[in-house]
Amino acid sequence: MSTEDFRFAEVFSYESLVHAMAGAVGSVTAMTVFFPLDTARLRLQVDEKRKARSTPAILSEIVKEEGLLAPYRGWLPVICSLCCSNFVYFYCFHSLRASWLRGHKSTPSRDLLMGIAAGVVNVLVTTPLWVVNTRLKLQGAKFRNADIRPTNYSGIMDAFVQIIEDEGVGALWNGTFPSLLLVLNPAVQFMIYEGLKRQLRSLVHRELLSLEIFLIGAIAKAVATTFTYPLQTVQSILRFGQHRQHTDRSPLLNSLRSVMYLLINRVRKYGMLGLFKGLEAKLLQTVLTAALMFLLYEKIASNIFRVMGVKRPASSH
C-alpha cells in the first residue's frame, strides 16, 4: 500500500467515526441540559439596551415576559447545528491527528495546529446552520433595543429560503470572518484539554476518573472562552443580521471593517467591559456544557471501542 493510500485510510477510519459520533452525542446532550444559559448569554450579546445582570435574573425576566418555554426557544435548530458542527470538528481533528502523528507523541503545538485546521473546515461547512439557528433563537424575543427588526420564520428551511431571497446567499455566511478567527477557541480548548489529560495520566498512571475529565474540560473551556469572548459577541451580532455591513467590493475588507466597527463602537458605548457583556452567562453555560460534553465523549468513545473489541488508538490518549 502506498503512503497516500495509507493516509487516506487513516482519514476515513473507524476510529475517527467513533470519535465524531461520541463528540456529537456528548455535545447535544450537554447543550440540552444547559440550553437556558445560552439563551441568557445571547440576549445580553445582541440586545444592547438590556442591562447586564445576573444569569438567574435574566432568565427570570425572559420567563415572565415570554413564557415558561422561552429559554428553550430555538432548541431544535441549535441542536441540529451543534450535532453537525461537533461531528465535523471531532472527525477532522482525530483524522488529522491519525494522519499527521502516525505513531509519534502529540504536543501542545501540534494539537493547536490540528485544532485550527479542523476549525476552519468546520466553520466553512456549518456557518449557514449557525446563522439560521441564531435568527430562530431570537425570533419572538422582547428586545429593549427598538431598532431591531422582527422576523417571521416558520422553521429551519423557511429561514434558509427567506434569508437567501431577502439578503442573498452570502448572508448565510454572515459572521464567517470572526468565526474563522474564533477557530482559536476550540483549538485552544483542545490544546489545553489534551495537554492536561496527558500530564495527569503521566502522574496517576491510570484511566482518568469522571470528575477529573469534567474538571479538565471545564478549565480548558474557561480559558478559551475568556480569551475569545469579544469576537464571539461580534459573531452573534453579525449572524443576527441586524448590523448594516459595509459595501466595499472586497468581502474580506467588508468583514474586517464590520468586526473593527462593532468592537470599537461597543467600547465607546460601554467601555472595555462592554466587550465582555454576558460573559458570566457564557462562562456558566459554556464551561458546564464543555465539561459535560468531554465527559460524555470520553465515556461513549471508550465504551464503543470496548464493546467492538477495538483497542483505542494511542493517539487518542
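Note: the hydrophobic cluster containing Val169 also contains Phe160 (ILVMFWY, side chain heavy atoms under 4.5 Å, direct or indirect links). One hydrophobic cluster holds both Leu283 and Met272 under the rule that ILVMFWY side chains link at heavy-atom gaps under 4.5 Å. Under a hydrophobic-cluster definition in which Ile, Leu, Val, Met, Phe, Trp and Tyr are linked whenever side-chain heavy atoms come within less than 4.5 Å, directly or via other members, Leu76 and Val161 are assigned to different clusters.
Contact of the Thr127 side chain with the Trp130 side chain is not registered, since no non-hydrogen atoms from C-beta on lie closer than 4.5 Å. Counting heavy atoms from C-beta outward, Val88 and Val121 have side chains that approach closer than 4.5 Å. Within the 4.5 Å cutoff, side-chain heavy atoms of Asp111 are placed close to those of Arg97. Contact of the Met31 side chain with the Met293 side chain is not registered, since no non-hydrogen atoms from C-beta on lie closer than 4.5 Å.
In this structure, Gln232 and Asn185 approach most closely via the heavy-atom pair NE2-ND2, 3.0 Å. For the pair Ala70 and Ile62, the tightest heavy-atom approach, listed with the atom from each and the gap, is CB-CG2, 3.6 Å. Pairing each heavy atom of Gly26 with each of Ile300, the nearest pair is N-CD1, 4.3 Å. Between Leu59 and Pro36, the shortest heavy-atom distance links the atoms CD2-O, 3.2 Å. The heavy-atom pair separating Pro77 from Leu136 by the smallest distance is CG-CD1, 3.6 Å. Nearest heavy-atom pair, Ala187 versus Gly115, reported as atom, atom and distance to 0.1 Å: CB-C, 3.7 Å.
Below 30°, between 30° and 60°, or above 60°: for His19 and Tyr297 the angle between ring planes is between 30° and 60°, a tilted geometry.
With hydrogens and angles ignored, the 3.5 Å screen pairs no side-chain donor or acceptor of Asn122 with any backbone N or O of Ala118. Here the side chain of Thr176 pairs a donor or acceptor atom with the backbone of Trp173 at under 3.5 angstrom. Panel note: side chain Thr126, backbone Ser85; no donor-acceptor pair is recorded below 3.5 Å. Panel note: side chain Asn265, backbone Tyr261; no donor-acceptor pair is recorded below 3.5 Å.
Residues satisfying the side-chain hydrogen bond (donor to acceptor under 3.5 Å, both in side chains) test with Thr39, not counting sequence neighbours, are Lys137. Under the side chain to side chain contact (heavy atoms under 4.5 Å, CB included) criterion, Leu215 pairs with Leu211, sequence neighbours left out. Residues meeting the ring pair (Phe, Tyr, Trp, His ring centres under 6.0 Å) test with Tyr72, sequence neighbours left out: Phe35. In terms of the side-chain hydrogen bond (donor to acceptor under 3.5 Å, both in side chains) criterion, residue partners of Trp75 (sequence neighbours excluded) are, by chain and number, Thr32. For Phe214, the side chain to side chain contact (heavy atoms under 4.5 Å, CB included) partners are Leu288, Ala291, Leu292, Leu295, not counting sequence neighbours. Residues meeting the salt bridge (charged side-chain N to carboxylate O under 4.0 Å, His left out) test with Arg268, sequence neighbours left out: none. Judged as a side-chain hydrogen bond (donor to acceptor under 3.5 Å, both in side chains), and not counting sequence neighbours, Thr225 has no contacts. The ring pair (Phe, Tyr, Trp, His ring centres under 6.0 Å) search around Phe190 returns Tyr89, Phe90, Phe93, Phe294, not counting sequence neighbours. When the side chain to side chain contact (heavy atoms under 4.5 Å, CB included) test is applied to Pro108, the partners found at least two apart in sequence or on another chain are Met191, Arg198. A search for side-chain hydrogen bond (donor to acceptor under 3.5 Å, both in side chains) contacts involving Ser154 returns Asp158, not counting sequence neighbours. By the side chain to side chain contact (heavy atoms under 4.5 Å, CB included) test, Thr29 pairs with Val25, Leu296, sequence neighbours left out.
Under 4.0 Å is where a charged nitrogen must lie from a carboxylate oxygen, and between Arg135 and Glu167 at least one such pair does. Glu194 has a carboxylate O that lies under 4.0 Å from a charged side-chain N of Lys197, or vice versa, which qualifies the two as a salt bridge.
The distance from the CZ atom of Arg306 to the OG atom of Ser302 is 4.0 Å, given to the nearest 0.5 Å. Atoms CG and OH, from Leu96 and Tyr91 in turn, are 10.5 Å apart once rounded to the nearest 0.5 Å. From Cys84, atom SG reaches atom CD1 of Ile79 across 11.0 Å, with rounding to the nearest 0.5 Å. In this structure, Asp38 CG and Thr289 OG1 are separated by 7.5 Å, a value rounded to the nearest 0.5 Å. A distance of 14.0 Å separates CD1 of Ile304 from NZ of Lys299, quoted to the nearest 0.5 Å.
The number of heavy atoms from other shown groups lying within 6.0 Å of CG (Leu203) is above 12.
Sorted by first and then second residue, the salt bridge (Lys or Arg N to Asp or Glu O under 4.0 Å) pairs with a member in residues 208-235 read Arg206-Glu212; sequence neighbours excluded.
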